Each structure stands twice: as C-alpha cells, then as structure tokens.
A.B. asks: 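Here you go, one structure.
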Amino acid sequence: MDFKQQVITALAPVVGQAVDEATINKLIEVPKNSSLGDYAFPTFILAKTLHKAPQQIAVDLVAEIDQTPFEKVVATGPYLNFFLNKANFSQVTLQEVLTQKAHFGDQDLGDGANVPIDMSSPNIAKPISMGHLRSTVIGNSIAKILAKTNYKPVKINHLGDWGTQFGKLIVAYKKWGSEAEVKADPITNLLKYYVRFHQEDVANPELDDEAREWFKRLEDGDEEATKLWAWFRSESLKEFEKIYDMLGVTFDSFNGEAFYNDKMADTVNELVEKQLLKESQGAEIVDLSKYDLNPALIRKSDGATLYMTRDLCAAIYRKRTYHFAKSLYVVGNEQREHFQQLKAIIKEMGYDWADDIIHIPFGLITENGKKLSTRQGRVILLEKVLNDAIDLARQQIEAKNPTLANKDEVAKQVGVGAVIFHDLKNDRLDNFDFNLEEVVRFEGETGPYVQYTNARAQSILRKSGKTVDENASYVLEDDEAWEILKQLNDYPNVIQRALREYEPSVIAKYSLHLAKSFNKYYAHTRILEDDGMMMAKLGLVKAVSLVLENALSLLGVTSPEEM
RNA sequence: GUCACAGUGGCUCAGCUGGAUAGAGCAACGGUCUUCUAAACCGUAGGUCGUGAGUUCAAGUCUCACCUGUGACACCA
C-alpha cells in the first residue's frame with residue numbers, strides 16, 4: 001500500500017495555493033535517519049511565495065495540518081517530519097504480504113508484451129568464462145524481473161557459432177587433434193587446439209591462409225567442413241548445458257550467428273534499396289556522421305559480412321518474429337559504440353522501433369588488472385569457479401551444521417548462490433578484478449548471508465508448530481520491527497526501480513538490507529515466546545521469508561530451507 | 001589524439017530524480033552462544049567524497065576545466 005499518499009493528502013489543503021500535488025509528491029523524501037520520521041517535506045520552496053523563513057513555515061504548517069492519520073507530525077528546522085501510524089501500517093502491510101505470498105510485488109507494467117533478451121552468448125569451442133557469467137546472470141535476472149512485471153521475456157542465447165575462427169579450429173583439429181580427445185573433453189581440447197593455432201601462426205603465417213580456405217569451404221557448404229562444424233557445435237553445447245544447469249538458467253532460443261547466414265542477403269539488399277550503403281576503401285559502409293558516429297562496416301572488401309551485418313539482421317528478425325516492446329542486449333560495455341551504430345542504422349532505415357533497441361552494458365572482469373583473453377589462453381573458467389564455491393560451501397556445512405540432511409544439494413545452492421549474488425550485487429557497470437576468495441565469501445554482504453537469514457526464519461516457523469493465518473492481528477510497534485515493515489512495504493517500488501534501470505543490483509541490495517534488519521530483530525527479540533504477540537511476530541517472520549525468497553528468486557538464487 | 005565510462009575511510013562498494021550530522025561489508029581491536037541455526041548480533045577506531053572554479057537557499061549528487069585509471073576508435077565479435 002502507498003502510505004506516501006496519506007502524506008500528500010494531508011499536505012495538499014495547507015500548501016495547495018503554492019504548490020500542486022504533483023510537486024508535493026516530488027518534494028517528499030524519506031529521511032536518512034528514521035528518528036526523523038518516515039516521510040519528510042522540506043519547506044524551502046515555500047519561502048519565496050510566503051515571504052517567511054523555512055523554519056517558521058514548518059512550525060506554521062504543523063499547526064494547520066490534519067494530524068489524525070499519523071502518529072505525529074513535527075517540525076524539525078525547515079522540515080516537516082511525518083511519523084506514520086505503526087499499528088495500521090503493520091496490519092495492512094503484513095496482511096498484504098501474507099495474502100499475496102510469492103505474488104507480493106507483482107505489477108502489470110508490461111501488459112504481456114514480448115521482450116527478447118540477447119544474453120550469455122558463448123562462443124562454440126571456447127569455455128564459458130567469468131565474462132559470460134555476467135551476461136548470463138544479469139540477463140536471467142532481468143528476465144525474471146520482466147516476468148514479475150508482466151512482460152514476456154524471451155531469453156536468446158546468441159551463440160558464437162560462425163566466423164573465421166572455425167577455419168582456424170578445423171585446421172588446428174586436423175593437424176593436432178583427435179576425435180577421441182574431443183569426445184573425452186570437448187571444450188578443453190578444442191580450446192587447446194585454438195590456442196596452439198595462435199601460438200604457431202606467429203611463425204607460420206601460411207596457417208592463416210589455410211584457415212581462411214577452410215572457412216570459405218564451410219561457407220560454401222563443403223561436406224567435411226560442415227560435418228566438423230556441426231560436431232564441434234553439438235559437443236560444445238552439451239558442455240554449456242552442464243553449466244547452465246548448475247546456474248539454473250534456461251533459454252527460449254539458441255539461434256546464434258549461423259542461424260542468420262541465409263537471412264543476411266535480404267538485410268544487405270534492404271540497405272541497398274534504401275540507398276544507405278556506400279563504398280569506402282573497397283568496403284561497403286553506412287555513413288553515420290550525422291549521428292557523430294564512425295561509419296558502420298556492413299561488408300568487407302572481400303564481400304564477407306560482419307558482426308554488424310549479423311546483428312542488424314537479427315534485430316530485424318526479432319522485431320518480425322516477436323513484435324517486441326523492447327529488445328535487450330546484455331553485452332559488455334566495450335561494445336557501447338557498436339549498439340549506438342546499430343540503433344542509428346535502424347533509424348536510418350526508417351524503423352520507428354530503433355529506440356526500443358536497448359544495450360544493457362556491464363563492466364569488465366579483469367585478473368590482476370589485465371583484460372582476459374581467450375586467444376592467449378588467459379581465462380577464468382566458470383565451471384571451476386562454481387565447483388570451488390560448491391566445495392567451500394560443503395566444508396562450511398561440515399563445520400557448522402554437520403547433521404544437515406542433503407548436504408550436497410545445499411552446498412550447491414549456497415556455493416552457486418554466492419557466485420551469482422557476488423556478480424549481481426554491484427552496479428552492472430562496475431569493473432571488478434577477479435578474486436576467488438572474494439567471490440566465494442559467505443559472510444557479510446553475500447548471497448549466503450541472505451540465504452542464511454531466510455533459513456533461520458524458516459527454522460522458527462517450523463519450530464513454532466503454528467500455521468500463519470493471514471487474517472490474524474498483525475500489530476507490531478517496536479522500532480526494530482518497524483524497520484522491517486517499512487522495507488517490506490517498499491518491495492514493489494524496489495522492483496519498479498530495478499526494472500526501470502535494468503539493474504538487478506537494486507534487488508540484491510534490497511535483500512541485504514532486509515536480511516540485516518531481520519537479523520537485528522532476531523538477535524534482540526524472542527519470537528517463540530507467548531507474550532500475546534506471538535502470532536504477529538510469526539507473521540513478520542513469515543513475511544520476511546516470503547520476500548527474501550522472492551527477491552533471491554529474481555536474482556536467480558535459490559533459498560534452501562535449512563543450511 | 002578523439003569519444004565514452006569511472007575516481008567516496010587500508011580494501012570492496014552504497015548513496016534513487018540535488019536537500020537535514022556521508023552509510024555498509026571486509027580487514028583491525030573489544031564484547032555476545034546452558035534459551036528460536038554465532039554463515040549471526042553489539043561496540044571502538046578509520047573519510048579534505050580526485051583537484052580547482054561555477055550554478056543554487058542547499059552539491060558526493062548538476063555545469064566547466066584539469067589530473068588519474070579503464071575501454072572503444074571500420075574490414076574480430
């Protein structure tokens with residue numbers, strides 16, 4: 001429920017001549033310190049029209065305002081501080097959460113519209129790295145946030161399954177590889193061939209010519225080349241699936257680069273028809289100088305198409321297939337200009353949906369300050385990180401809760417949860433230097449901290465032996481419960497903001513704050529004690545658990561009931 | 001060189017549309033488990049918010065300049 005409206009309604013009659021309701025709404029703020037109330041109204045802007053000092057205005061307004069809906073309204077300096085009626089707020093909020101359960105916070109902002117999300121997109125024959133983790137978990141979380149606000153996300157894994165690297169890979173495989181090796185451990189060995197190719201072609205540049213030749217054969221539909229390509233692709237996908245399983249991520253489409261091969265000509269033709277294609281230095285480009293952008297390369301001087309051509313083709317295909325409201329691309333920040341160009345070309349083509357193309361960039365992961373590079377074999381393998389995290393979680397369980405049932409399953413939930421949460425808790429655009437100890441930390445501001453908080457809440461509910469019934473009396477008025485109640489009530493706003501900014505970290509931070517408030521309450525208040533308020537307290541515990549689980553689920557993190 | 005993004009306590013980061021004494025977590029030090037899971041809680045210490053101007057009643061937040069770091073700058077994706 002929106003308690004801010006109470007404040008607006010109270011203020012409107014007394015300041016109505018000077019400012020309208022919309023302005024009041026904008027000016028009202030939430031004080032940083034809760035001793036200053038729940039909402040505050042600064043009086044500065046009234047000073048000019050009323051010709052009085054802000055402090056005096058605050059004092060005068062307090063005298064005039066109808067205080068009945070509130071616990072109290074006081075003037076503190078130039079501010080009017082509103083304290084809400086805790087009993088009412090508590091009752092209304094808890095009842096709402098307990099009634100709506102996992103649907104608390106659901107909102108219809110999308111009207112069921114499709115929103116394709118380009119995410120994850122690993123390259124065939126290369127391992128999934130920490131860099132792909134970012135795109136995968138950010139995209140997955142945004143998809144869940146979209147679904148909660150009644151959009152229909154379409155998760156597209158735009159696989160890197162085409163390109164000159166396949167020429168290199170075929171050459172390397174034929175020279176140094178074996179079928180048995182690839183079958184045994186596809187990614188490791190394919191990567192090994194690829195890295196070796198890049199080592200050897202420094203001294204033997206003719207390798208590059210061979211690679212080009214093989215890629216040409218692949219493009220021309222040569223049987224041997226196609227067979228190898230399809231085999232590399234399917235073996236790689238099997239490996240990818242193992243990791244996606246661990247992360248709990250699924251996709252609606254695996255249409256990658258190769259999927260657009262036979263659709264590219266239409267896109268290029270359309271550019272020609274619309275007279276957007278120009279020749280420059282032997283290549284064909286779209287001039288974007290009026291957007292202050294570099295020209296976009298559509299066709300190389302040898303006639304081959306490029307990344308941009310393919311993305312343009314895919315953008316148009318997605319519009320025709322999904323009739324999307326927005327089309328999202330969860331891709332690293334270093335490709336910012338690429339997407340600016342993409343939008344500009346679509347605009348030039350006369351499509352009114354150009355601005356619905358939205359690049360959701362994220363920061364770089366480095367190791368010891370250096371950019372990771374597959375070519376040089378400098379990668380952080382996601383599978384290894386996940387397994388390390390799970391092992392560590394398993395050790396923690398042995399140390400702290402050795403009698404726990406299904407330890408392996410919980411270790412997986414906690415370990416993987418830690419890795420996902422670590423990636424989502426900070427602003428997307430922040431770069432971070434990879435540090436295993438930091439990623440798999442279980443204390444402080446981490447995923448396991450939130451999971452643990454929920455497990456404690458669950459434990460209390462189990463031990464109470466009572467069913468929390470949504471129609472009981474849920475009046476709690478102490479300060480520590482109050483902090484929790486305000487946060488519970490704020491959850492729908494938090495989801496809105498996360499959606500508006502395409503920012504899962506908003507949810508992650510919220511879950512940390514809520515967990516912290518609850519742990520504080522837990523430490524100081526005996527819940528399973530019949531002091532006449534036990535049902536109300538259990539209602540609070542249940543509500544916290546529901547919202548923590550929901551918030552974690554929006555991040556793609558699971559919530560073990562015990563840990 | 002041009003453009004973009006960033007610069008907050010030892011480290012990692014919050015700070016939404018400018019608003020009341022700048023908040024957490026790690027690390028350090030000191031407390032709290034015979035009672036609901038101590039993966040927790042409480043306390044102490046630690047900051048000229050890169051630098052300098054400007055706009056405003058009010059600037060970590062907006063504008064400009066400079067410094068530092070990172071990234072992008074057509075035939076890779």
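Numbered from 1 within each chain, the chains take letters A, B, ... in sequence-line order. Because the structure is a prediction, the values reported are computed rather than measured.
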A.B. asks: In Watson-Crick or G-U wobble terms, both distances under 3.5 Å, what is the partner of B:G25?
C.D. replies: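 Partner of B:G25: B:C11.
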A.B. asks: When the distance from CG of A:Asp433 to P of B:C13 is rounded to whole Å, what number comes out?
C.D. replies: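 About 9 Å, once rounded to whole Å.
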A.B. asks: Ion pair present between A:Glu398 and A:Lys407, side-chain N to carboxylate O less than 4.0 angstrom?
C.D. replies: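 Salt bridge present between A:Glu398 and A:Lys407.
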A.B. asks: Among the candidates B:C13, B:A74, B:C57, find the nucleotide nearest to the side-chain atoms of A:Phe44.
C.D. replies: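 Of all the options, the side chain of A:Phe44 is nearest to B:C57.
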A.B. asks: Any chance NZ of A:Lys216 has more than 12 other-residue heavy atoms, nucleotides or ligands included, within less than 6.0 Å?
C.D. replies: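 It does not: A:Lys216 NZ has 12 such atoms or fewer within range.
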A.B. asks: Between B:C49 and B:G9, how far is it from one C1' atom to the other, in whole Å?
C.D. replies: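 That atom pair is separated by 10 Å.
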A.B. asks: Just how far, in rounded Å, is C1' of B:U37 from CG of A:Leu528?
C.D. replies: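 After rounding, the gap between these two atoms is 13 Å.
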A.B. asks: A:Arg441 side chain: which of B:C16, B:U37, B:C26 is closest?
C.D. replies: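 Comparing B:C16, B:U37, B:C26 against the side chain of A:Arg441, the answer is B:C26.
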A.B. asks: Starting at NE2 of A:His359 and ending at P of B:C5, how long is that distance when rounded to a whole Å?
C.D. replies: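 A:His359 atom NE2 is separated from B:C5 atom P by 13 Å.
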A.B. asks: With both distances kept under 3.5 Å, what pairs with B:A40, Watson-Crick or G-U wobble?
C.D. replies: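 Looking at the geometry, B:A40 pairs with B:U32.
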A.B. asks: Between A:Ile28 and A:Ile527, which residue's closest nucleotide on RNA chain B lies nearer the 5′ terminus?
C.D. replies: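 Whichever sits nearer the 5' end wins; that is A:Ile28.
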A.B. asks: With a 3.5 angstrom cut-off on both distances, give the Watson-Crick or G-U wobble partner of B:U48, or none if there isn't one.
C.D. replies: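 Looking at the geometry, B:U48 pairs with no nucleotide.
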A.B. asks: Validate the cation-pi geometry between A:Arg428 and A:Tyr502: distance from NZ or CZ to the six-membered ring centre under 6.0 Å, angle to the ring axis within 45°.
C.D. replies: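 No; the conditions do not both hold, so A:Arg428 does not lie above the ring face of A:Tyr502.
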A.B. asks: Mind checking who B:U55 pairs with, Watson-Crick or G-U wobble, both distances under 3.5 Å?
C.D. replies: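 Across any shown strand, B:U55 pairs with none.
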A.B. asks: Who pairs with A:Glu348 by salt bridge (Lys or Arg N to Asp or Glu O under 4.0 Å), at least two apart in sequence or on another chain?
C.D. replies: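 For A:Glu348, the residues satisfying salt bridge (Lys or Arg N to Asp or Glu O under 4.0 Å) (neighbours in sequence not counted) are A:Lys290.
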A.B. asks: Sugar-phosphate atoms are those with a prime plus P, OP1 and OP2; base atoms are the rest. Using that split, label each nucleotide of nucleotides 39-47 of chain B B, S or - for protein heavy atoms under 4.0 Å, 5' to 3'.
C.D. replies: BSSS-----
A.B. asks: We want to know whether A:Ser505 and A:Asn426 form a side-chain donor-acceptor pair, criterion being a heavy-atom distance below 3.5 angstrom.
C.D. replies: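 No pair is found: no donor N or O on one side chain lies under 3.5 Å from an acceptor on the other.
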A.B. asks: Would you mind pulling out the nucleotide paired to B:C5, Watson-Crick or G-U wobble, both distances under 3.5 Å?
C.D. replies: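 For B:C5, the partner nucleotide comes out as B:G69, under the 3.5 Å rule.
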A.B. asks: Tell me whether the side-chain N or O atoms of A:Asp292 pair up with the base of B:A4 as donor and acceptor below 3.5 Å, since no angle test is needed here.
C.D. replies: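 Side chain to base: no pair present.
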A.B. asks: Please classify the nucleic acid contact of A:Pro361 as base, sugar-phosphate, or nothing, using heavy-atom distances under 4.0 Å.
C.D. replies: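 The answer is nothing, as A:Pro361 stays clear of every strand by at least 4.0 Å.
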A.B. asks: Start with the C-alpha gap between A:Glu501 and A:Arg497, add the side-chain angles, then the distance that decides, and say whether salt bridge (Lys or Arg N to Asp or Glu O under 4.0 Å) holds.
C.D. replies: CA-CA 6 Å; A:Glu501 298 174 12; A:Arg497 195 182 144 203; 3.2 Å; yes
A.B. asks: Is a side-chain donor-acceptor pair under 3.5 Å present for A:Asp311 with A:His338?
C.D. replies: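 A donor-acceptor contact under 3.5 Å links the two side chains.
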A.B. asks: Of all the choices, B:A20, B:U37, B:C16, which nucleotide is nearest to the side chain of A:Ser459 once you look at every atom?
C.D. replies: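 Of all the options, the side chain of A:Ser459 is nearest to B:U37.
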A.B. asks: When the P atoms of B:G25 and B:A40 are compared, how many Å lie between them, rounded to an integer?
C.D. replies: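 Their P atoms lie roughly 10 Å apart.
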A.B. asks: Give the rounded distance in Å between these two atoms: CD1 of A:Ile298 and P of B:A77.
C.D. replies: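 Taking CD1 of A:Ile298 and P of B:A77, I get 12 Å after rounding.
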A.B. asks: Using the C1' atoms only, state how far B:G60 lies from B:C13, rounded to an integer number of Å.
C.D. replies: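 These two C1' atoms come out 14 Å apart once rounded.
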A.B. asks: Does a nitrogen or oxygen in the side chain of A:Arg497 sit under 4.0 Å from OP1 or OP2 of B:G15?
C.D. replies: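 True: A:Arg497 side-chain N/O within range (under 4.0 Å) of B:G15 OP1/OP2.
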A.B. asks: Provide the distance between the two C1' atoms, one in B:C11 and one in B:C16, to the nearest whole Å.
C.D. replies: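 The answer is 26 Å between these two C1' atoms.
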A.B. asks: When you compare B:U8 with B:U48, how far apart are their P atoms, in angstrom units rounded to a whole number?
C.D. replies: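 Looking at atom P only, B:U8 and B:U48 are 13 Å apart.
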A.B. asks: Would you kindly compare A:Leu36 and A:Glu562 by the position of their nearest RNA chain B nucleotide and give the one closer to the 5′ end?
C.D. replies: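 Comparing both residues, the 5'-ward one is A:Leu36.
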A.B. asks: Let's see if you get this right: which residues in residues 336-345 of chain A place a heavy atom under 4.0 Å from RNA chain B?
C.D. replies: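 Residues of residues 336-345 of chain A under 4.0 Å from RNA chain B: A:Arg336, A:Glu337.
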A.B. asks: If we take the P atom in both B:A59 and B:G54, what is their distance in whole Å?
C.D. replies: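 Their P atoms lie roughly 12 Å apart.
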A.B. asks: If we count only N and O atoms by modelled type, under 3.5 Å, do the side chains of A:Asp433 and A:Thr366 hold a donor and an acceptor together?
C.D. replies: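 Judged by distance alone, the side chains do pair up.
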A.B. asks: Need one value for A:Thr305: base, sugar-phosphate or nothing, where a base atom within 4.0 Å counts as base even if backbone is also close, heavy atoms only.
C.D. replies: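 Nothing: the residue A:Thr305, judged by heavy atoms under 4.0 Å, touches no strand.
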A.B. asks: So, A:Asn294 and A:Gln341: side-chain donor and acceptor under 3.5 Å apart, yes or no?
C.D. replies: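 Judged by distance alone, the side chains do not pair up.
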A.B. asks: Determine whether the side chains of A:Ser34 and A:Glu483 contain a donor N or O and an acceptor N or O closer than 3.5 Å.
C.D. replies: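 Judged by distance alone, the side chains do pair up.
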A.B. asks: Is the distance from OP1 or OP2 of B:C76 to the nearest side-chain N or O of A:Thr164 less than 4.0 Å?
C.D. replies: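 Looking at the OP1 and OP2 atoms of B:C76, neither is under 4.0 Å from any side-chain N or O of A:Thr164.
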A.B. asks: Tell me yes or no: between the side chains of A:Ser517 and A:Gln487, is some donor less than 3.5 Å from an acceptor?
C.D. replies: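 Yes - a donor-acceptor pair under 3.5 Å links their side chains.
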A.B. asks: NZ of A:Lys52 versus P of B:C57: gap in Å, rounded?
C.D. replies: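 Rounded to the whole Å, the gap is 20 Å.
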A.B. asks: Paired with B:C16 by Watson-Crick or G-U wobble geometry, both distances under 3.5 Å: which nucleotide is it?
C.D. replies: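 Pair assignment: B:C16 / none.
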A.B. asks: Only pairs with both distances under 3.5 Å count, Watson-Crick or wobble alike; so what is the partner of B:U61 in this structure?
C.D. replies: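 Answer to the pairing question: none, since B:U61 forms no Watson-Crick or G-U pair.
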A.B. asks: Between B:U70, B:A72, B:A77, which one does the side chain of A:Asn431 approach most closely?
C.D. replies: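 Nearest nucleotide to the side chain: B:U70.
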A.B. asks: With syn defined as a glycosidic angle within 90° of 0 and anti as the rest, where does B:C26 land?
C.D. replies: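 This nucleotide is in anti.
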A.B. asks: Is the distance from OP1 or OP2 of B:C36 to the nearest side-chain N or O of A:Lys537 less than 4.0 Å?
C.D. replies: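 For A:Lys537, the contact criterion (side-chain N or O under 4.0 Å from OP1 or OP2 of B:C36) is not met.
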A.B. asks: Apply salt bridge (Lys or Arg N to Asp or Glu O under 4.0 Å) to A:Asp60 and list each qualifying residue two or more places apart in sequence or on a separate chain.
C.D. replies: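 In terms of salt bridge (Lys or Arg N to Asp or Glu O under 4.0 Å), with neighbours along the sequence ignored, A:Asp60 is linked to A:Lys52.
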A.B. asks: With rounding to whole Å, what would you report as the distance between B:C62 and B:A14 at their P atoms?
C.D. replies: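 These two P atoms come out 15 Å apart once rounded.
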A.B. asks: Quick one, give me the B/S/- string for nucleotides 29-34 of chain B, reading 5' to 3', where B means a protein heavy atom under 4.0 Å from the base and S means that only happens at the primed atoms, P, OP1 or OP2.
C.D. replies: ------
A.B. asks: When rounded to the nearest Å, what value does the distance between P atoms of B:A22 and B:G1 take?
C.D. replies: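 To the nearest whole Å, 39 Å.
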A.B. asks: Salt-bridge test for A:Asp531 and A:Arg526: reply yes if a basic N is under 4.0 Å from a carboxylate O, no otherwise.
C.D. replies: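 Salt bridge flag = no for A:Arg526 with A:Asp531.
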A.B. asks: Between B:U37 atom C1' and A:Glu398 atom CD, what is the distance in whole Å?
C.D. replies: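 It works out to 16 Å between those atoms.
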A.B. asks: May I ask you to check whether A:Asp478 and A:Tyr521 show a side-chain donor-acceptor distance below 3.5 Å?
C.D. replies: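 A:Asp478 vs A:Tyr521: no donor-acceptor pair found between side chains.
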A.B. asks: Rounded to the Å, how far apart are A:Met534 CE and B:U35 C1'?
C.D. replies: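 To the nearest whole Å, that distance equals 15 Å.
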A.B. asks: Can you tell me the distance, in whole Å, between the CG atom of A:Leu46 and the C1' atom of B:C57?
C.D. replies: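 For the pair A:Leu46 CG and B:C57 C1', the rounded distance is 13 Å.
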A.B. asks: Anything under 3.5 Å between a donor and an acceptor, one on a side chain of residues 207-214 of chain A, the other on a protein residue two or more places apart or in another chain? List them.
C.D. replies:
unit_1, atom_1, unit_2, atom_2, d
A:Asp209, OD1, A:Arg212, NH2, 2.9
A:Glu210, OE1, A:Lys175, NZ, 3.4

A.B. asks: Base, sugar-phosphate, or nothing for A:Ala304, non-hydrogen atoms under 4.0 angstrom?
C.D. replies: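 Nothing, no heavy atom under 4.0 Å.
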